[in-house]
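Have a look at the structure below before the remarks.
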Amino acid sequence: MEIGTVAILLAFCCMGSFIQRVSGFGFGIFVMTMLPYLLPSYGEATALSGMLAGSMSLIVAIRMRRYIVWREVLPILCTFTVVSLGAIFAVTSFDEMFLKHILGGILIAVSIYFFFISERVKLKPTIPAQVGLGIVSGLMGGLFAMQGPPAVLYFLASSETKEKYIAQTQTYFVLGNMMMTLFRFRAGFVTADVGTAYAYGLIAVTIGAFIGGKVSKRIPLKVLRKIVYVYMAISGVVALCA
């Protein structure tokens, strides 16, 4: 990888890790605004995003495992797994520019949703809700490596405490990304280039998570999220116009 590419990769991975450490999600959403332009193929970009996101969530999930309620995690996780498998193999059937344009539309839609609508939505943590959001999460995860928004909507509704919310989201991300990495390996997306980028990105992810843990209490979460949502919308417009 060229020095300039490595520098951009490190910066985005560090910032994405910082965002997820502070808010509980957002790594994949943030880094996928840039990774498709740094990796040789779109599929490899999704593989790298998932590998780094899973690695980052693992330590948090282990540390907070006592807060996990598995009956509230397994139905949405199982649904996600089945749907994401089909979506990952479907990636090879689409033109990469088409996928980047769809990604741009998704970024704009997600930013609008979280900026204006998410706080007004009240969702009950039922099995139908888990299955429905698991389907959406599986499609977004398999195609765009951003399975977080639907899952966050569910886990926010089902968690009585911040600790439970963090524990269940990070566990979902770890297990989901592990399975998607296996699927992507079978699909040929986990390549030598992805391995090299992963080694660089893991350093940046560790630094970003460390900084995020130190300053998370000092940065208003609403302010950080709105900055990220605006950035997402701008990145979506750029992707659509590319």
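Because the structure is predicted, anything quoted here is derived from the model rather than measured. Here, residue 1 is the first one in the sequence, and each next residue gets the next number.
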Run the side chain to side chain contact (heavy atoms under 4.5 Å, CB included) test against V91 and tell me which residues pass, sequence neighbours left out. Y42, L99, L143, F189
Any chain of hydrophobic side-chain contacts (each under 4.5 Å) joining V69 to L74? no
Going by heavy atoms in the side chains, are M51 and V190 under 4.5 Å from each other? yes
Rounded distance [0.5 Å steps], SG in C14 versus CD1 in I211: 5.0 Å
Between M56 and Q20, is there a side-chain heavy-atom distance shorter than 4.5 Å? yes
Run through the side-chain heavy atoms of Ile, Leu, Val, Met, Phe, Trp and Tyr, join any pair under 4.5 Å, and report what else lands in L139's cluster. V83, I127, V131, I135
Output all residues satisfying salt bridge (Lys or Arg N to Asp or Glu O under 4.0 Å) with E160, sequence neighbours left out; order by chain, then residue number. K164
By side chain to side chain contact (heavy atoms under 4.5 Å, CB included), A53 pairs with (sequence neighbours left out) F27, N177
Atom CE of M178 with >12 non-hydrogen neighbours under 6.0 angstrom: no
Answer whether the closest heavy-atom distance between the side chains of F144 and I29 falls below 4.5 Å. no
Hydrophobic cluster identity match, L175 and F185, side-chain contacts under 4.5 Å: yes
Out of curiosity, M34 CE to F12 CZ, how far, rounded to the nearest 0.5 Å? 3.5 Å
Is there any side-chain hydrogen bond (donor to acceptor under 3.5 Å, both in side chains) pair reaching into residues 81-91, and which pairs are they, with sequence neighbours excluded? none
Please name all residues satisfying side chain to side chain contact (heavy atoms under 4.5 Å, CB included) with I62, sequence neighbours left out, ordered by chain then number. L58, R65
My understanding is that only residues two or more places apart in sequence, or in another chain, count here; which of them pass side-chain hydrogen bond (donor to acceptor under 3.5 Å, both in side chains) with Q130? Y154
Non-hydrogen side-chain atoms of I108 and L240 separated by less than 4.5 Å: yes
On a heavy-atom basis, the closest approach of C13 and L52 is SG-CD1, 3.6 Å
Indicate yes or no for a side-chain donor-acceptor contact from S137 to the backbone of L133 under 3.5 Å, with no hydrogens or angles considered. no
S17 and A209 have their tightest heavy-atom pair at OG-N, 2.9 Å
Without swapping roles, check the side chain of S49 against the backbone of A45 for a donor-acceptor pair under 3.5 Å. no
Side chain to side chain contact (heavy atoms under 4.5 Å, CB included) between R186 and I88: does it pass, once the steps are laid out? CA-CA 10 Å; R186 292 291 301 274; I88 286 169; over 6 Å; no
Return the minimal non-hydrogen interatomic distance between Y37 and T33, and the atom names on each side. CE1-O, 3.6 Å
From CG (L48) to OG1 (T181), nearest 0.5 Å: 10.0 Å
Residue list, side chain to side chain contact (heavy atoms under 4.5 Å, CB included) with P40, at least two apart or on another chain: E44, D193
Tell me, which pairs form a side-chain hydrogen bond (donor to acceptor under 3.5 Å, both in side chains) where one or both residues lie in residues 197-207, sequence neighbours left out? S55-Y198
Ring pair (Phe, Tyr, Trp, His ring centres under 6.0 Å) pairs touching residues 45-97, sequence neighbours excluded, are F80-Y172, F94-F98
Do Q170 and S57 pair up side chain to side chain, a donor and an acceptor below 3.5 Å, judged on atom types alone? yes
Roughly how far apart are L182 CG and M179 CE, rounded to 0.5 Å? 9.0 Å
Looking only at heavy atoms, the pair that brings G16 and V31 closest together is CA-CG1, 4.5 Å
Measure across I68 and A61 and return the closest heavy-atom pair with its distance rounded to 0.1 Å. CD1-O, 4.5 Å
How long is the straight-line distance from CE of M140 back to CD1 of I106, given to the nearest 0.5 Å? 5.5 Å
Provide the closest heavy-atom pair for R21 versus G212 in the form atom of the first, atom of the second, distance. CG-C, 3.7 Å
